[in-house]
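Notes for the one structure printed next.
Each ligand, and each atom within it, is numbered from 1 in the order the structure gives.
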Amino acid sequence: MTTARLDHLTRDELARLAPRATVLVPLGSTEQHGPHLPVCADSAIVTDIAERAATQAALDVPVVVAPTLPFGFAHHHLPFGGTVSIGMLTYLQVLTDIGTSLHASGFRRLIFINGHGGNDAAVRAVGDRLVVENGLDMHVAGTSYWTCAADALRDMNLDVGPVPGHAGGFETSCLLALHPDRVRSDQFPPAEESVQPLVRLGAREAVIRQPGIWQLSDGRTDDSSRANADTGEKALENISDAVARFIVDFHRSSQVTA
Ligand SMILES: [Zn+2]
């Protein structure tokens, strides 16, 4: 079986591979991540998960990994600076255009794997646009990694903070595992300070928006003082395993005409 980087292949190689492969599109963001993490955090994490998962899934089914989309819907981070955001409707259209292009290139199985909370609504909607509204003959999935790997994360019972949170214990642990050189260890915020208020509501299923809520914090959801590379590596491994299983199940369940 094959795993391949979409952008490393030629037009003709893609034409041969596309009809029988699942293409994975990682969705990132470029946004502020507190004083101690780089603005690439979400993109770096989801790229790593996608590459590990694709490599593992490719033992069973053909997988192609597209370049990570480095921008998403992150208007809520604009007041902090260090953020590049695409508006909600534009972003949904960008995902729709990516899917339409991949269909035109011969792909019939597509998974958007998301790594940024602000993208989640559009990721949930894009399959309906492509398949139901636009009538593409394509098998489309959209999921965020913390949703796809919810069972594995529950079993892990991580003690560094909520997953993914934002610039807190989990994401800091992942960055310490992946790119320790990009973590500003001397800029760690003081423990338990300026936690983003929404996480305290406990209304996990509700979509709650209040003006100015993010500015009540310093741009993080939770404390990063317990972050460590070992926890980050274990979490990335388990999340990638879960995403790999999803890719294989998705591929095998697809009933599309190539
Ligand atoms: Zn993040």
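- Of the N and O atoms on the side chains of S85 and H77, not one donor lies less than 3.5 Å from an acceptor on the other residue.
- The only option from R109, R252, H251 that meets the side-chain hydrogen bond (donor to acceptor under 3.5 Å, both in side chains) definition with T22 turns out to be H251.
- With salt bridges taken as basic N to acidic carboxylate O contacts below 4.0 Å, one links R52 and E233.
- Counting only protein atoms, the N, O or S atoms lying less than 2.8 Å from the Zn ion (ligand 1) are H33 NE2, D42 OD1, E171 OE1, E171 OE2, ordered by chain and residue number.
- Close placement of the W214 and H166 rings is indicated, their centers lying within 6.0 Å of each other.
- A salt bridge links R124 with D120: the distance from a Lys NZ or Arg NE/NH1/NH2 to an Asp or Glu carboxylate oxygen falls below 4.0 Å.
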For H103 and D137: C-alpha separation, side-chain torsions, deciding distance, then whether side-chain hydrogen bond (donor to acceptor under 3.5 Å, both in side chains) applies. CA-CA 8 Å; H103 181 271; D137 175 22; 5.6 Å; no
